[in-house]
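Values below: all heavy atoms of this structure, side chains included; hydrogens, waters and symmetry mates excluded. Since the structure is predicted, the reported quantities are computational estimates derived from the model, not experimental observations. Order of the sequence lines fixes the chain letters, A, B, ..., with proteins taken first and strands second; residue numbering starts at 1 for each chain.
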Amino acid sequence: MSDEQALSKAYEPSEVESKWYKIWEERGYFHANPESGKIPYTIVIPPPNVTGILTLGHVLNNTLQDILLRFERLRGREVCWVPGTDHAGIATQAKVEAALKKEHNLTRHDMTRDEFVAKVWEWKEKYGGVIIRQLRTIGSSCDWERERFTMDPGLSKAVQEVFIRLYEKGLIYKGKRMVNWCPKLRSAISDEEVIYTEEKGKLWHFRYPYADGSGYVVVATTRPETMMGDTAVAVNPSDERYTDKIGKTVILPIMNREIPIIADEYVEKEFGTGAVKITPAHDPNDYEIGLRHNLEFINLMNEDATMNENAGPFVGLDRNKCREAVVAKMEELGMMEKIEDYTHQVGYSERGKVPVEPRLSDQWFLKMETLAKPALQAVLEGRIQFHPDRWVKTYRHWMENIKDWCISRQLWWGHRIPAYYCDKCGEVVVARETPAKCPKCGHDHFTQDPDVLDTWFSSWLWPFSVFDWPKESIELKKFFPTQTLVTGPDIIFFWVARMIMSSMEFMGDIPFKDVYFTSIIRDDKGRKMSKSLNNSPDPLDVVKEYGADALRFTIIYIAPIGQDIRYSNEKCKIGRNFATKLWNVVRFRLSQGKAPLGWPTLDGIDPKAFRPDDQWIIYELNETIKEMTTGLENFRFDEICKGIYEFIWNKFCDWYLESCKPAFNGKAENGDTIIRIFDYCLGAFLRLLHPIMPFITDELAHQMGFVAEEDSIMKAEWPKPIDDATLASFGATAAHAELTEAKCELIRAVRAMRASYNIATNSPLDIYIAPTTEEAAEFLTRDSAALKSLLSAATLTVKENCKPEGPCGTAVSTIATAYIPLAGVIDLDAEVKRLEKQEAEITKYLESIRKKLSNQNFVARAPKEIVDAEKAKITEFEEKLARVREQMKAYK
RNA sequence: GCGCGCAUAGUUCAGUUGGUUAGAACGCUAUCUUCACACGGUAGAGGUCACUGGUUCGAAUCCAGUUGCGCGCACCA
């Protein structure tokens with residue numbers, strides 16, 4: 001930061017950004033003090049997988065959180081952003097297994113469980129949490145002293161405590177149930193981890209002969225490989241085709257086992273042949289029927305979905321190979337009726353990427369119904385608000401149809417289930433430590449349950465486990481409940497709903513007040529970002545090329561609420577160019593030297609010293625402050641980006657800064673005052689922009705001298721709007737702003753005329769302005785200095801009915817007619833054509849309004865102010881039209 | 001099957017309670033290297049707001065239906 005050296009023309013973000021992040025972190029600006037008297041504002045980060053690396057999705061998500069937090073920090077809240085990572089059971093275990101395979105050609109079964117878990121910890125310490133470091137490059141103001149990991153001792157303690165309490169309450173139970181089994185992971189998974197995809201398959205029709213030799217019944221199946229486990233054929237009790245068959249038996253081909261024909265309402269008469277083979281151990285619906293009819297459950301498969309000894313001739317075959325073999329065998333036996341093409345949904349394991357196998361196994365479950373009730377109420381009653389709120393419907397549907405949660409996983413990496421089995425009698429004891437003595441048989445040796453808990457069983461406690469629950473820490477007291485959760489709608493069931501349930505249960509309170517659901521980021525062709533398509537840019541490359549501020553600004557700017565985003569790196573030009581624009585505003589300003597220390601105010605400026613442009617920009621800035629504040633309070637992130645961009649670029653730079661140039665060139669009388677007002681605006685919008693673009697705003701605040709070297713914009717106060725009375729005393733009113741808009745219209749009309757005659761925008765001309773009203777005359781006269789500059793006028797005459805001698809160009813606008821003497825330049829025919837064009841436009845517009853007003857119903861029923869506004873337009877445009885026609889007449 | 005979105009300029013999108021001559025960015029055309037910025041300025045071209053009907057004095061906006069696309073949930077073997 002050298003004072004003397006001029007700033008380069010283009011902003012170079014990389015050095016600035018790394019410099020500031022380091023300073024902020026070293027000075028402890030991100031650290032939250034639980035003992036401060038300030039009102040807390042807390043966000044817990046959605047913990048990314050410890051194996052993860054930063055994606056654009058994270059950039060969006062974390063930038064949104066950072067914006068909220070930086071905004072609240074400036075507003076004086078005690079801001080606490082808890083970062084951390086998730087141990088991600090399956091993902092992490094798989095990663096380490098892959099590494100072991102690659103480096104040592106070992107599997108986890110080549111070592112003990114403890115050895116393997118030690119390897120995972122080793123991997124985690126060495127390679128884990130890359131994403132946490134990457135978050136710093138995009139400016140995330142996390143309280144790094146509070147970084148947590150879901151397997152930290154404290155959090156593990158919380159998990160154990162929760163399990164035990166729920167078990168003691170009778171909400172956790174163990175039982176043999178049909179679960180979604182992933183043969184790749186060799187573990188159960190929850191319903192939410194099954195992804196259904198449509199697939200083209202076959203529907204095989206098999207003949208099952210009646211035991212009495214009276215022909216056969218035809219059953220249809222999509223899963224021939226399970227037929228060896230059939231223990232019945234079911235028909236609908238009201239199906240007349242089969243009434244006399246119910247109670248008979250059929251011979252199961254291949255196995256030559258006799259199985260009954262039973263009646264069950266579940267069977268639909270219209271589908272297939274109306275007769276269904278029942279395999280209770282391999283299909284959820286068949287399982288239910290098996291229970292109802294007390295059928296035998298024959299498990300055909302091993303953990304890896306190869307066929308076991310119950311599969312007769314197919315022992316040892318993989319389930320896919322077995323399918324082919326069964327089909328071939330049935331053909332051979334003449335038992336194949338027909339084969340149809342059939343499209344159906346197949347459930348895949350989200351992590352294992354293979355079809356799930358419904359499987360009967362011993363698992364731990366959590367009863368959800370009682371937990372769901374208060375959690376649903378909290379959302380329906382609006383104590384927790386979803387943004388956009390349509391997600392309430394999805395949430396409600398899920399909560400009202402919630403099923404028990406299978407929480408056990410047959411993995412090695414994760415929280416062990418605190419259940420112990422007596423080695424002698426098998427008694428189950430759920431306890432905080434290994435029991436000393438069996439309560440039943442007195443035996444003193446126990447074995448802990450080998451299973452671990454679903455990863456989400458730790459993340460659902462995140463909002464309070466990070467504050468050391470079940471300890472009643474001062475942090476927990478201060479920072480819980482949190483304010484806002486920012487996350488993707490894809491984990492509304494996995495995570496959001498469950499956090500609400502656990503908080504209601506264990507904290508007796510909501511975990512957060514607002515949930516903001518982010519957009520999904522797609523590529524510019526609308527495809528999802530994916531590794532295989534290679535269409536997912538590395539955010540770090542983007543930061544390198546465009547800067548973190550530019551990426552942050554761009555991604556928020558293009559992200560509409562509740563809609564997907566189409567992203568391409570190209571778009572970061574929006575943010576980069578905007579940063580350069582800001583940079584150059586300061587370069588321009590610094591031509592006058594640094595500002596005095598402190599955030600500029602308007603205190604002590606004589607309101608009489610305000611030029612019309614000053615009054616206007618003060619008014620517009622005030623509006624922007626209000627919009628930014630309410631926009632942030634209401635999660636309208638794209639709007640606030642557009643708003644501040646519009647203010648800075650199209651209002652401040654395009655008009656206000658231009659109006660200041662005479663003052664900056666020493667050609668204005670009250671130059672110092674103008675610079676103070678300029679600084680007031682600059683100081684305000686740097687702070688308004690700080691939550692979105694933290695780096696460049698701190699850099700520029702220092703360049704300007706608003707803050708001392710050892711200080712930061714992070715410690716500043718969010719700008720407050722000026723009250724209406726004070727504003728009015730400054731002459732900064734809405735009416736004044738309207739007049740200024742009209743002035744801009746006049747200037748544009750003159751520029752357009754220059755353009756049509758190919759006169760350079762800066763070539764000095766003698767310009768005559770004839771205002772149409774006294775008010776306009778007063779205003780334009782008062783503003784003549786700025787006007788002269790904005791119009792590049794050699795001389796400027798502002799006077800009612802003034803007009804130069806000789807041929808001239810005419811620019812008609814609402815508040816004035818401007819004339820430029822154009823002897824020798826003007827082409828009368830062209831001038832008439834220009835005017836004719838304008839005449840046509842005005843005439844067309846007038847016609848449309850007249851039509852509206854001639855509608856009696858409109859005049860009678862529309863609100864008076866609407867009708868009056870239309871009438872006023874008629875007067876305004878008729879007057880304008882008259883001036884255009886008068887001018888035309890002069891040339892014809 | 002049930003539910004939820006989306007369809008506006010060549011492209012990507014705004015348009016918050018129905019009333020502005022429907023906006024922005026990128027791209028395009030013309031012009032300017034003028035001492036903040038060519039990552040820029042100035043001027044401009046470009047839209048039957050998917051379709052059909054309804055409500056209304058008035059519809060891009062509200063309602064119903066149609067078409068097309070996307071997503072979620074549940075499923076018939």
Exercise. Rounded off to whole Å, could you give me the NE2-to-P distance for the A:His397 and B:A74 pair?
Key: 8 Å

Self-check item: A:Asn577 vs B:G40: side-chain N/O to OP1/OP2 distance below 4.0 Å
Solution: yes

Exercise. Sticking with atom P, work out how far B:G41 lies from B:C35, rounded to a whole angstrom.
Key: 15 Å

Quiz item: Of A:Tyr196 and A:Glu268, whose closest RNA chain B nucleotide lies nearer the 5' terminus?
Solution: A:Tyr196

Below 3.5 Å is the cut-off: list the nitrogen or oxygen pairs between protein and nucleotides 41-43 of chain B, distance only.
{"residue": "B:G41", "atom": "OP1", "partner": "A:Lys581", "partner atom": "NZ", "Å": "3.2"}
{"residue": "B:G41", "atom": "OP1", "partner": "A:Trp649", "partner atom": "NE1", "Å": "2.5"}

Quiz item: What nucleotide among B:G19, B:G70, B:A36 has an atom nearest to a side-chain atom of A:Arg522?
Solution: B:G70

Exercise. Measure from the side chain of A:Lys9, starting at C-beta and using heavy atoms only, and say which of B:A38, B:G19, B:G15 lies closest.
Key: B:A38

Quiz prompt | Touch class at under 4.0 angstrom, heavy-atom based, for A:Val586 against every strand present | solution = nothing

Self-check item: Of A:Lys338, A:Met336, A:Met335, the residue whose pairing with A:Phe206 passes side-chain contact (heavy atoms from CB on, under 4.5 Å)
Solution: A:Met336

Quiz prompt | Pair A:Trp391 + A:Phe386: ring centers closer than 6.0 Å | solution = no

Quiz item: Is there a side-chain polar atom (N or O) of A:Arg636 under 4.0 Å from OP1 or OP2 of B:G15?
Solution: yes

Quiz item: Taking atom C1' of B:C39 as reference, at what distance in whole Å does atom CD of A:Glu12 sit?
Solution: 11 Å

Exercise. To the nearest Å, give me how far apart CD (A:Gln856) and P (B:U56) are.
Key: 19 Å

Self-check item: Closest nucleotide among B:C4, B:A45, B:A77 to the A:Lys393 side chain
Solution: B:C4

Quiz item: Which part of the nucleic acid, if any, lies within contact of A:Lys277, taking any heavy atom under 4.0 Å across all strands shown: a base, the sugar-phosphate backbone alone, or nothing?
Solution: nothing

Quiz prompt | Derivation and outcome, ring pair (Phe, Tyr, Trp, His ring centres under 6.0 Å), residues A:Phe578 and A:Tyr557 | solution = CA-CA 12 Å; A:Phe578 186 44; A:Tyr557 182 92; 8.6 Å; no

Quiz item: Rounded to the Å, how far apart are A:Glu741 CD and B:U20 C1'?
Solution: 12 Å

Quiz item: Considering only side-chain heavy atoms of A:Val276, which listed nucleotide, B:A77, B:C37, B:G19, is closest?
Solution: B:A77

Self-check item: Closest to the A:Arg587 side chain, choosing from B:C37, B:A74, B:A77
Solution: B:C37

Pairwise N/O distances under 3.5 Å, protein to nucleotides 7-13 of chain B:
{"residue": "B:U12", "atom": "O2'", "partner": "A:Lys571", "partner atom": "NZ", "Å": "2.9"}

Quiz item: Watson-Crick or G-U wobble partner for B:C28, using a 3.5 Å limit on both distances?
Solution: B:G44

Quiz item: Counting only heavy atoms not in A:Arg396, do more than 12 sit closer than 6.0 Å to its CZ atom?
Solution: no

Exercise. Apply the test ring pair (Phe, Tyr, Trp, His ring centres under 6.0 Å) to residues A:His387 and A:Tyr516: give CA-CA distance (whole Å), side-chain angles for both, the deciding distance (0.1 Å), then the verdict.
Key: CA-CA 5 Å; A:His387 309 269; A:Tyr516 183 84; 7.1 Å; no

Exercise. Assign A:Phe652 to base, sugar-phosphate, or nothing according to its heavy-atom contacts below 4.0 angstrom with the strands shown.
Key: nothing

List the atom pairs, with distances to 0.1 Å, where a side-chain N or O of residues 544-555 of chain A and a protein N or O form a donor-acceptor pair under 3.5 Å, not counting sequence neighbours.
{"residue": "A:Asp549", "atom": "OD1", "partner": "A:Phe695", "partner atom": "N", "Å": "3.2"}
{"residue": "A:Asp549", "atom": "OD2", "partner": "A:Phe695", "partner atom": "N", "Å": "3.4"}
{"residue": "A:Asp549", "atom": "OD2", "partner": "A:Ile696", "partner atom": "N", "Å": "2.7"}
{"residue": "A:Arg552", "atom": "NE", "partner": "A:Ile692", "partner atom": "O", "Å": "2.9"}
{"residue": "A:Arg552", "atom": "NH1", "partner": "A:Asp66", "partner atom": "OD2", "Å": "2.8"}
{"residue": "A:Arg552", "atom": "NH1", "partner": "A:Ile138", "partner atom": "O", "Å": "2.7"}
{"residue": "A:Arg552", "atom": "NH2", "partner": "A:Asp66", "partner atom": "OD2", "Å": "2.9"}
{"residue": "A:Arg552", "atom": "NH2", "partner": "A:Pro691", "partner atom": "O", "Å": "2.8"}
{"residue": "A:Thr554", "atom": "OG1", "partner": "A:Ala550", "partner atom": "O", "Å": "2.7"}
{"residue": "A:Thr554", "atom": "OG1", "partner": "A:Gly575", "partner atom": "N", "Å": "3.1"}

Quiz item: Are there more than 12 heavy atoms of other residues, nucleotides or ligands under 6.0 Å from atom CD of A:Glu738?
Solution: no

Quiz item: Using a cut-off of 4.0 Å on non-hydrogen atoms, how would the nucleic acid contact of A:Pro489 be classed: base, sugar-phosphate, or nothing?
Solution: nothing

